[in-house]
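Scroll down for the structure; my scribbles are underneath it.
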Amino acid sequence: MDLQQFRIAHSTVMEHYQFIERELEGIYAALSGKIFYDGLKDVETYSINKIIQIVQEQEKIHNQKIISDAEYEDLKSICLRRNFWTHNCYTEMVFNRKTGGPKKETDIKQLYDDIRNAEQMRELLFNRKIELFNRIKEVRTFW
């Protein structure tokens, strides 16, 4: 993997992390009982960990389980990996002087594993959000 391939893969994983956060914000906004836009405004400055926490609170308040306990554990792991790729990868990884990419195969494998895990979580949360929207739509209009 050269530096350009690394940067593309890194951008890909970061994209998935941003969309995971957006899906969680949408789930919160739908559960909040507020006008959707107002619900999004509530959480626009929160960290992903805080959003996860308030989604869990909203689930309890409304007695609706949107995300399973196992999926929350997966989300926590994804958040740890997100923090690494966001804040530490360039300073903690060893890079090959010739190619510019990661020197260790384990780092490359980890990046691709993280992309796959983040992509799967992104898709799962999107589907859960749409299911929630459809349930709410049957009961009330929230847009």
Side-chain angles (χ1 to χ4, degrees), residues 1-96 100-143:
M1 173 180 277
D2 64 23
L3 183 59
Q4 182 175 352
Q5 291 168 325
F6 172 75
R7 287 183 172 159
I8 291 169
H10 183 264
S11 290
T12 301
V13 77
M14 294 307 297
E15 172 191 344
H16 291 312
Y17 293 148
Q18 288 178 2
F19 276 99
I20 287 169
E21 190 167 351
R22 178 57 67 175
E23 301 307 348
L24 288 165
E25 290 169 353
I27 290 169
Y28 165 78
L31 284 172
S32 72
K34 298 179 179 184
I35 294 171
F36 188 72
Y37 176 77
D38 291 340
L40 288 178
K41 292 291 285 177
D42 284 351
V43 294
E44 72 181 351
T45 60
Y46 290 173
S47 70
I48 189 167
N49 288 319
K50 178 70 175 172
I51 297 168
I52 290 168
Q53 178 186 4
I54 63 174
V55 166
Q56 287 177 305
E57 291 169 3
Q58 289 296 311
E59 287 179 327
K60 288 176 186 172
I61 290 168
H62 298 288
N63 199 27
Q64 288 190 57
K65 194 70 170 161
I66 308 301
I67 302 167
S68 74
D69 292 342
E71 291 160 349
Y72 275 118
E73 289 303 314
D74 291 343
L75 264 174
K76 288 176 186 174
S77 295
I78 285 171
C79 286
L80 290 173
R81 297 304 308 157
R82 175 200 166 277
N83 289 342
F84 172 79
W85 293 115
T86 302
H87 302 293
N88 302 92
C89 70
Y90 285 101
T91 57
E92 290 185 15
M93 287 174 50
V94 177
F95 289 86
N96 185 310
K103 190 170 189 173
K104 297 178 184 175
E105 283 298 317
T106 55
D107 290 336
I108 295 168
K109 181 185 179 316
Q110 183 67 58
L111 176 56
Y112 286 122
D113 287 348
D114 290 346
I115 289 171
R116 186 186 72 254
N117 292 335
E119 184 176 33
Q120 289 170 352
M121 182 57 71
R122 174 185 176 180
E123 185 176 327
L124 179 135
L125 292 174
F126 174 80
N127 290 334
R128 297 287 170 78
K129 181 182 74 176
I130 295 302
E131 291 168 11
L132 178 60
F133 286 177
N134 287 331
R135 285 198 311 264
I136 291 171
K137 189 176 174 183
E138 293 172 6
V139 177
R140 63 178 164 90
T141 304
F142 60 98
W143 303 66

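Under 4.0 Å is where a charged nitrogen must lie from a carboxylate oxygen, and between D107 and K103 no such pair does. Ion pair K41/D38 not flagged as a salt bridge, since none of the NZ, NE, NH1 or NH2 atoms sits closer than 4.0 Å to an Asp/Glu carboxylate oxygen. Salt bridge absent: R116 and E119 never bring a charged side-chain N and a carboxylate O closer than 4.0 Å.
The heavy-atom pair separating L125 from I20 by the smallest distance is CD1-CG2, 3.7 Å. Taking both residues in full, the closest heavy atoms of L111 and A9 are given as CD2-CB, 3.4 Å, listed atom of the first, atom of the second, then distance. The minimum heavy-atom distance between C79 and I52, with the atom names listed, is SG-CD1, 3.6 Å. Considering all non-hydrogen atoms of both residues, K129 and G26 come closest at CD-CA, 4.0 Å. Heavy atoms only, all atoms of each residue included: S32 and G39 are closest at OG-CA, 4.0 Å. P102 and M1 get closest at one heavy-atom pair: CD-SD, 3.8 Å.
Under the side-chain contact (heavy atoms from CB on, under 4.5 Å) rule, I66 has a single partner from Q56, Q58, E59, which is E59.
At least one side-chain heavy atom of I51 sits less than 4.5 Å from a side-chain heavy atom of E25. In this structure, the side chains of F95 and K104 stay at 4.5 Å or more apart for every pair of heavy atoms. Between S77 and Y72 the shortest side-chain heavy-atom distance does not fall below 4.5 Å. Between Y112 and I108 there is a side-chain heavy-atom pair separated by less than 4.5 Å. Using a 4.5 Å heavy-atom cutoff, the side chains of F84 and Q110 are not in contact. Between N83 and N88, every side-chain heavy-atom pair lies at or beyond the 4.5 Å cut-off.
The number of heavy atoms from other shown groups lying within 6.0 Å of CD (E44) is above 12. Within 6.0 Å of the CZ atom in R22, the count of heavy atoms belonging to other residues, nucleotides or ligands does not exceed 12.
A donor-acceptor pair is defined here as one N or O able to donate and one able to accept, closer than 3.5 Å; such a pair exists between the side chain of E71 and the backbone of S68.
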Practice problem: May I have the step-by-step check of side chain to side chain contact (heavy atoms under 4.5 Å, CB included) for Y90 and W85, ending in yes or no? | Solution: CA-CA 8 Å; Y90 285 101; W85 293 115; over 6 Å; no

Quiz item: Could you go step by step and tell me if C89 and F6 meet the side chain to side chain contact (heavy atoms under 4.5 Å, CB included) rule?
Solution: CA-CA 11 Å; C89 70; F6 172 75; 4.2 Å; yes

Quiz item: How far apart are the C-alpha atoms of I130 and F126, what are their side-chain angles, what is the distance that settles it, and do they pass the side chain to side chain contact (heavy atoms under 4.5 Å, CB included) test?
Solution: CA-CA 6 Å; I130 295 302; F126 174 80; 3.7 Å; yes

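Atom CG of L24 sits about 13.5 Å away from atom CZ of F19, to the nearest 0.5 Å. With rounding to the nearest 0.5 Å, the separation of CG in D114 from CE in M14 is 11.0 Å. Between the CD atom in Q53 and the OG atom in S47 there is a gap of 8.5 Å [rounded to 0.5 Å]. Remark: E23 CD to L132 CG distance equals 11.5 Å, nearest 0.5 Å. Separating the CG atom in D74 from the CG atom in L124 is a distance of 9.0 Å, to the nearest 0.5 Å. To the nearest 0.5 Å, atoms CZ (F133) and CD1 (I27) are separated by 8.0 Å.
Pairs of residues two or more places apart, or lying in two chains, that qualify as side chain to side chain donor-acceptor pair (under 3.5 Å) and include a residue from residues 1-15 are E15-R122.
When only modelled atom types and interatomic distance are considered, E131 and N127 share no side-chain donor-acceptor pair under 3.5 Å.
Partners of I54 under the side-chain contact (heavy atoms from CB on, under 4.5 Å) rule, at least two apart in sequence or in another chain, are Y28, V43, Y46, K50, E57. In this structure D69 satisfies the side-chain contact (heavy atoms from CB on, under 4.5 Å) test together with K65, sequence neighbours excluded.
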